[in-house]
2 protein chains.
Amino acid sequence: MLDVRRLRLLHEFAARGSIAATAAALGYTPSAVSQQLTTLEAEAGVALLERSARRASLTDAGQTLAAHARVVLDAIEAAEADLAVGGEPAGSLVVGMIPTASPLFAPALAGLRRRYPGLELVVRQIESARAEAALRQREIDVAVIDLWRERAMPGLTSVRLRRDPLVLAFPAGHPGRRVDGEVLLCAPADQPSRAATDELLGAAKPAARWEFEGLHTIATLVSQGIGVAVLPESALAEVDPATVTMRPFRPARHRWIEAVVRVSARRRPAVDAVLEMLTESHRRGGDEF
Amino acid sequence: MLDVRRLRLLHEFAARGSIAATAAALGYTPSAVSQQLTTLEAEAGVALLERSARRASLTDAGQTLAAHARVVLDAIEAAEADLAVGGEPAGSLVVGMIPTASPLFAPALAGLRRRYPGLELVVRQIESARAEAALRQREIDVAVIDLWRERAMPGLTSVRLRRDPLVLAFPAGHPGRRVDGEVLLCAPADQPSRAATDELLGAAKPAARWEFEGLHTIATLVSQGIGVAVLPESALAEVDPATVTMRPFRPARHRWIEAVVRVSARRRPAVDAVLEMLTESHRRGGDEF
DNA sequence: GGAAATTACGGAGCGCGTAAAGATA
DNA sequence: TATCTTTACGCGCTCCGTAATTTCC
């Protein structure tokens with residue numbers, strides 16, 4: 001029978017791309033990882049790695065086996081989660097969160113840490129685009145991300161936390177109600193928020209498009225009078241409301257803030273507590289669906 | 001992370017019901033099994049076994065964990081099967097077969113043994129009713145069974161091998177074409193063939209009903225002039241055709257002979273070769289669907 | 001008393017770290 | 001040269017068998 005600990009190494013290798021990184025991620029020496037992967041190849045009876053002195057990479061067989069490994073690890077995680085059902089939230093749990101969600105939800109999670117001493121909760125920043133892979137790789141257990149349009153995520157399950165309306169943001173006291181002739185601040189081309197901007201303002205003729213990374217950065221620039229932008233309301237919550245004028249779209253457009261977890265982790269009490277706290281803090285926030 | 005080898009012990013224990021039997025089945029001593037299950041309980045953090053000096057049984061948590069174990073083991077088996085895809089059929093493979101199917105398919109399987117020296121093929125007899133559990137417990141890898149009516153078998157997949165028409169069998173030269181007043185030979189009440197007999201001859205008034213185990217036994221009794229019976233054609237193939245008269249039903253009734261395997265084992269070359277050989281020998285048999 | 005479970009103890013195997021060497025950018 | 005990988009070697013842990021003990025039919 002294939003050894004599952006070795007499958008875990010392969011799975012991690014598939015994500016990291018090098019033996020050294022795999023070893024570092026799992027707390028082993030490269031030597032141990034190298035030896036175990038060699039043994040796994042012997043068990044499998046097929047070459048799993050293409051090795052050179054300087055780097056190793058997966059063969060096709062290695063990739064398919066790594067995919068199987070994920071299924072196996074998911075099944076084990078589901079078993080562990082089921083064992084813990086009914087118990088106190090405990091163990092280590094990493095929450096990945098987009099920057100604009102932090103002010104909304106981080107305080108609630110801080111309260112969770114206080115309530116459950118057995119819970120080691122870490123909140124990290126993450127991009128929405130990387131969240132799916134990070135969840136699958138078990139780098140994080142819960143992802144709080146924004147979704148700009150519907151998307152299927154097999155093996156993952158999500159809870160809607162907040163509908164976040166998009167608005168056109170002007171510097172306060174700005175005379176015009178039109179984008180034409182203004183400086184339009186927007187995200188780089190690969191960002192989903194950029195796609196939304198382009199779609200909503202497709203007909204407009206701004207004087208220029210300036211690209212910046214980060215909705216918070218763009219919000220700050222608007223508040224400083226640099227230009228106008230399409231932004232979700234929550235990104236404007238952090239700047240002085242007196243400095244910005246918001247105009248909603250008709251029909252209304254929005255992004256969703258969602259919490260995403262692996263289905264196999266869903267039953268962990270710790271995950272459950274986090275999800276409950278996240279939805280609860282939404283209710284306190286007063287936004288309705 | 002839960003240790004999968006220990007999960008395998010738990011899974012086997014769930015099927016066997018005792019530590020001694022589990023140890024015997026997997027080639028360990030009871031001592032080893034006892035120790036490993038104790039360790040598994042420590043890992044799980046929950047009581048999995050209710051122990052007395054004389055016997056041990058699963059707690060609720062133990063049962064649910066055993067169910068999870070099956071999922072994990074299936075995933076590993078699927079990974080192994082995928083690794084072997086494209087290779088020569090090899091390894092150990094146990095085929096469970098109902099008695100009436102043996103003369104139809106056993107010769108073909110014998111040929112398979114000759115063709116693939118790496119294949120250790122064992123054919124065992126099995127009752128249809130036990131086949132599903134035996135497959136799940138990995139006692140057998142392929143089951144050749146009869147199906148008297150449609151039945152869902154989650155986690156398993158089946159291939160239809162042969163439509164086996166039911167006939168009314170009389171001793172040769174028997175004058176009457178009616179069951180009334182004859183001795184009706186049939187299976188005990190819990191057998192599916194008995195249900196078919198009762199359904200087909202519900203209105204008849206036999207002089208007596210004599211119960212015997214095994215369709216082949218019943219076929220032999222008919223050929224010896226003891227009585228009449230509802231039988232599948234294949235059960236009559238082994239007795240001297242001169243001694244039996246067959247009358248088909250209208251509308252035609254039949255049972256299916258099917259090969260059933262775990263989906264997780266489906267891709268093993270050895271399983272594939274066996275299934276192919278089984279369907280092929282059906283074609284040679286000349287029966288059409 | 002016998003069958004089934006557990007505990008004690010010891011040996012063998014193997015997983016992993018240390019150290020060193022090879023290879024490539 | 002620095003980094004990534006592999007090999008050699010040895011320590012220590014863990015698994016499992018033997019044997020003895022306990023408990024309940």
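Atom set for the values below is all heavy atoms of this structure, side chains included, hydrogens, waters and symmetry mates excluded.
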- Message: Can you measure Arg54(A) atom CZ to dC4(D) atom C1' for me and round it to whole angstrom units?
- Response: 5 Å
- Have a look at Ala32(B) and say if it touches a base, only the backbone sugar-phosphate, or nothing, with a 4.0 Å heavy-atom cut-off. sugar-phosphate
- Calculate, to the nearest 0.5 Å, the distance between atoms CZ and CD belonging to Arg6(B) and Gln36(B) respectively. 5.0 Å
- Query: Quick one: is Gln35(B) getting a side-chain N or O under 4.0 Å of the dC16(D) phosphate, OP1 or OP2?
  - Reply: no
- dist Tyr28(B):OH -> Ser34(B):OG (nearest 0.5 Å) comes out at 14.5 Å
- Donor + acceptor pair across side chains of Ser31(A), Gln35(A) (<3.5 Å): yes
- Of Arg136(B), Arg124(B), Arg262(B), which is the lone residue that meets salt bridge (charged side-chain N to carboxylate O under 4.0 Å, His left out) with Asp141(B)? Arg262(B)
- Message: Rounded to whole Å, how long is the line connecting atom CD of Gln36(A) with atom P of dC14(C)?
- Response: 11 Å
- Note on the structure: To the nearest angstrom, the CG-P distance between Asp3(B) and dC15(D) comes to 7 Å
- Grab the CD-C1' distance between Glu50(B) and dT23(D) for me, whole Å please. 17 Å
- Item | Whole angstrom value for the distance that separates C1' of dA5(C) from CD of Glu41(B) | 13 Å
- Note on the structure: Rounded to whole Å, the CG-C1' distance (Leu37(A) to dC4(D)) equals 14 Å
- Task: Quick one: pull up CD1 in Ile126(A) and CD1 in Ile140(A) and give me the separation to the nearest 0.5 Å.
- Result: 3.5 Å
- Quick one, which residues of residues 4-31 of chain A touch DNA chain C with a heavy atom under 4.0 Å? Arg5(A), Arg6(A), Gly27(A), Tyr28(A), Thr29(A), Ser31(A)
- Item | Interatomic spacing from CG in Leu26(A) to CZ in Arg8(A) - rounded to 0.5 Å | 5.0 Å
- How do Arg55(B) and Val33(A) order along DNA chain C: which one's closest nucleotide is nearer the 5' end? Arg55(B)
- Note on the structure: On DNA chain C, more 5' by nearest nucleotide between Ser34(B) and Ser52(A) is Ser34(B)
